[in-house]
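See below for the structure under consideration.
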Amino acid sequence: MSEKVLDFRSDTVTRPTPGMREAMAQAEVGDDVFGEDPTILKLQARIAELLGKEDALYVPSGTMSNLIGVMLHCGRGDEFICEAGCHIFNYEQSGYAQIGGIAARTVPGEFGVMQPKHLHGLVRPGNDHLVRTRLVCLENTHNRGAGRIQPYEHVEAICGWAHESGLRAHLDGARLFNAVVATGIPVEGWAGHFDTVSVCFSKGLGAPVGSALAGSREAMVQARRLRKVLGGAMREGGVIAAGALYALEHHIDRLAEDHACAAKLAEAIREIDGLTLRPVDVQTNILVFEVDPALGTAADFVARLADRGLLMLAIAPTMIRAVTHLDVSHADAERAGEILRETAVASAACSA
Ligand SMILES: *Cc1c(COP(=O)(O)O)cnc(C)c1O
């Protein structure tokens, strides 16, 4: 009997559900470069409405959405401030520098959370020697911070400070809806503090492709130009946009299931000798845990898990990441906990 492979590597691995595929098959489409794809137009209007922004733009990826967001607010020789572990700084090839001629200034955070007071004094004075500070970027929930939710008061304080200081604020909200569902704070409440907000449809929401950037009407006109030069303008993209629309309708509230599965898996990990959650509390759908070197490296451990049909990701020599999503059930989370325990016991026995 071949057992189902349990894939906890990322919430990007979800496949479109039958209902989503049906919606995609039925989608009305047109050429979006001519502004004639009704499904993309509908998606953009819907996400703008949800986020409380004037307009939004559908783009192929979160990387492009963030790059356009940063380039809207910063030009060549400008700088933005961000937390040192954030996705924009670590995992997007510094596109802002490669393509935009923009510098990043990082501030250390704890599991992705910066203290507002650590930003004070970081706006550089006008001086020919210096780059110009233009923007602050936040990430919510925080990917490397194991799905950490930015404390709402921090978001208020940091964005308030940014605006008082003449800066703009951009949110990498790839998993913003996870923060919404976990806190009960409405999405427009979070988004309202930022000039531009990026959200991903292809993470926990379970759509196959795409992200959106939202902001003012004027900003989105410029964003559309940037999307074109970056090669991100699509033609009959309504086929994939329909998956994103379907996700907004059907897959937001169910993120609570992912959080419950992550909590269940966390509970199992707390009971396993040699595995330690970092941080110990799990707030949304991402868990990061440390493997005691006595059990081998994270890469060794992940390879042994894969032999037992459980996929997770080694993200550092001793660190493993697991993510819950649409395609893992409560039973899968329970089974994953058992496989982790069996693997830890077997690893300890062979190194003893
Ligand atoms: C995945 C992710 C992105 C980038 O999205 P892609 O669609 O993979 O380019 C940006 N920010 C965060 C926090 C992410 O997790």
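Note that the structure is predicted; figures quoted are calculated from it, not measured. In listed order, ligands and their atoms are each counted from 1.
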Can I get a per-line list of side-chain donor-acceptor pairs under 3.5 Å for residues 8-21, giving both atom names and the distance, sequence neighbours left out?
from, atom 1, to, atom 2, distance (Å)
R9, NE, D7, OD1, 2.9
R9, NE, D7, OD2, 3.4
R9, NH2, D7, OD2, 2.7
S10, OG, T12, N, 3.0
S10, OG, T12, OG1, 2.8
D11, OD1, R175, NH2, 2.9
D11, OD2, R175, NE, 2.8
D11, OD2, N285, ND2, 3.0
T17, OG1, M20, N, 3.1

Enclosure of K264 NZ (heavy-atom neighbours >12, cutoff 6.0 Å): yes
Centroid-centroid distance, H193 to Y152, less than 6.0 Å: yes
E49 bridged to R46 by N-O distance under 4.0 Å: yes
Within the 4.0 Å heavy-atom sphere of ligand 1, strictly under, residues: S61, G62, T63, N66, H87, E92, E139, N143, D172, A174, R175, C200, K203
Salt bridge (Lys or Arg N to Asp or Glu O under 4.0 Å): pairs with one or both residues in residues 112-124, sequence neighbours excluded: E79-R124
Can you list, pair by pair, the side-chain donor-acceptor contacts under 3.5 Å of residues 28-35, counting residues two or more places apart and other chains?
from, atom 1, to, atom 2, distance (Å)
D31, OD1, V33, N, 2.9
D31, OD1, R235, NH1, 3.3
D31, OD2, R235, NH1, 3.2
D32, OD2, R227, NH2, 3.4

